[in-house]
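What follows is a set of notes on a single structure, which appears directly below.
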Amino acid sequence: LGGIDQRLRGVKPIRNDHTKKLIPYRRPYGYPRRRTDTTGKKSVVFDFEQVLQQKPEDAGTLFNLGFILQKQGKHPEAIKRFESALKISNTLDRAWFGLGMSLASLERREAAIRAFERAAKLQPLNPHALYELGIQHHALQQRDKVEETVRRLREFDPKATEQLIQATR
């Protein structure tokens, strides 16, 4: 491995059949490697912003940036990123789910319900979307909708069904 740059040390190589040389493993959706910014902290957001400057129409990068901002508690910024990703590709069920989670964190329950319904429509066997949909209906005291969500969830995930029943008592 003497010819591989030291920066790539520890990166899983893959074999490229047409060149027969080892090339560095690329993460899906163009994930950049973590680098340190001027403060010395790891700044994944900064890396994704750099990727967006190169590819502004990359829905996967926008979704991932929204997810990172959501984890940092920056929900208004995350909502903007999820909405931008959905403008490019409105079939990203994870982006609809992330949008719903950020909206729910800001207590915008009606909009969160629409986002969770869309995520559940795109991925009908996603127990997380149905669980969160039931939680939002419960917060709005829509008991009949909670029961409908429990019935949908019971068809394929009994564990999530029990968790939803416990959470909505």
Side-chain angles (χ1 to χ4, degrees), residues 4-17 22-136 139 149 152-153 156-157 159-160 163-164 167:
I4 294 179
D5 189 0
Q6 288 297 322
R7 290 179 296 128
L8 300 177
R9 190 175 209 187
V11 175
K12 178 183 174 185
I14 59 173
R15 184 165 296 279
N16 187 341
D17 290 333
L22 293 177
I23 59 174
Y25 172 74
R26 286 218 57 201
R27 297 176 186 159
Y29 290 116
Y31 283 100
R33 283 191 307 273
R34 290 186 182 201
R35 297 186 191 111
T36 55
D37 60 7
T38 56
T39 62
K41 296 180 182 176
K42 291 188 177 182
S43 176
V44 179
V45 174
F46 177 72
D47 289 340
F48 276 108
E49 292 289 351
Q50 285 183 336
V51 172
L52 280 176
Q53 288 175 358
Q54 296 169 3
K55 300 184 229 176
E57 297 295 315
D58 187 14
T61 302
L62 287 164
F63 157 73
N64 285 317
L65 183 56
F67 183 72
I68 290 167
L69 291 168
Q70 180 187 50
K71 290 289 185 184
Q72 292 176 349
K74 300 176 181 177
H75 296 290
E77 294 175 42
I79 289 170
K80 290 177 188 174
R81 297 302 181 172
F82 287 131
E83 288 174 343
S84 297
L86 291 168
K87 284 179 186 173
I88 296 167
S89 175
N90 67 354
T91 59
L92 289 171
D93 62 306
R94 296 181 309 166
W96 284 107
F97 181 78
L99 177 63
M101 292 299 289
S102 288
L103 290 167
S105 295
L106 296 176
E107 296 186 9
R108 294 169 51 190
R109 304 214 186 274
E110 293 293 333
I113 286 173
R114 287 191 298 274
F116 288 132
E117 284 174 347
R118 186 64 189 261
K121 182 180 177 184
L122 290 170
Q123 188 60 261
L125 299 179
N126 182 351
H128 305 291
L130 289 173
Y131 176 84
E132 292 298 333
L133 181 61
I135 295 295
Q136 298 309 312
T149 306
R152 287 173 59 191
L153 194 55
F156 63 92
D157 195 335
K159 183 177 178 181
Q163 290 173 347
L164 180 59

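Bear in mind that the values here come from a model prediction, so they are computed numbers and not experimental data.
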Side-chain donor/acceptor of Asn64 to backbone N/O of Gly60, under 3.5 Å: yes

Distance-minimising heavy-atom pair for Phe116 and Gln136: CE1-CG, 3.8 Å

Counting heavy atoms not belonging to His75, are there more than 12 under 6.0 Å from its NE2? yes

Measure the CZ-CG distance between Phe82 and Leu103 for me, rounded to the nearest 0.5 Å. 9.5 Å

Would you indicate whether the side-chain heavy atoms of Glu132 and Phe97 approach each other to under 4.5 Å? yes

Which distance, rounded to the nearest 0.5 Å, do you find between the CD1 of Ile113 and the CD1 of Ile135? 11.5 Å

Please name the pair of heavy atoms, one in Leu130 and one in Ala120, separated by the smallest distance, quoted to 0.1 Å. CD2-CB, 3.9 Å

Output yes when a side-chain donor or acceptor of Trp96 lies under 3.5 Å from a complementary backbone atom of Asn90, and no otherwise. yes

Are the side chains of Leu133 and Arg152 in contact, using a 4.5 Å heavy-atom criterion? yes

So, for Ala59 and Ile88, which heavy atoms are closest and what is the spacing to 0.1 Å? CB-CG2, 3.9 Å

What are the two closest non-hydrogen atoms of Leu62 and Ala85, and how far apart are they? CB-CB, 3.8 Å

Can you confirm whether more than 12 heavy atoms, excluding those of Tyr131, are under 6.0 Å from its OH atom? yes

Note: Ala112 and Gly100 closest approach over all heavy atoms is CB-O, 3.6 Å

Return the OG1 to CZ distance between Thr61 and Arg81, rounded to the nearest 0.5 Å. 10.5 Å

Backbone N or O of Gly98 within a donor-acceptor pair of the Gln70 side chain at under 3.5 Å? yes

Nearest 0.5 angstrom please: Ile68 CD1 to Phe63 CZ, how far? 9.5 Å

Between Arg118 and Leu99, is a side-chain contact (heavy atoms from CB on, under 4.5 Å) present by the stated rule, with each step listed? CA-CA 10 Å; Arg118 186 64 189 261; Leu99 177 63; over 6 Å; no

Nearest 0.5 Å please: distance from the OG atom of Ser84 over to the CG atom of Asp58. 12.0 Å

Say you draw a straight line from NZ of Lys80 to OG of Ser102; how long is it, rounded to the nearest 0.5 Å? 12.5 Å

Nearest heavy-atom contact between Thr149 and Gly134 is CG2-N, 3.8 Å

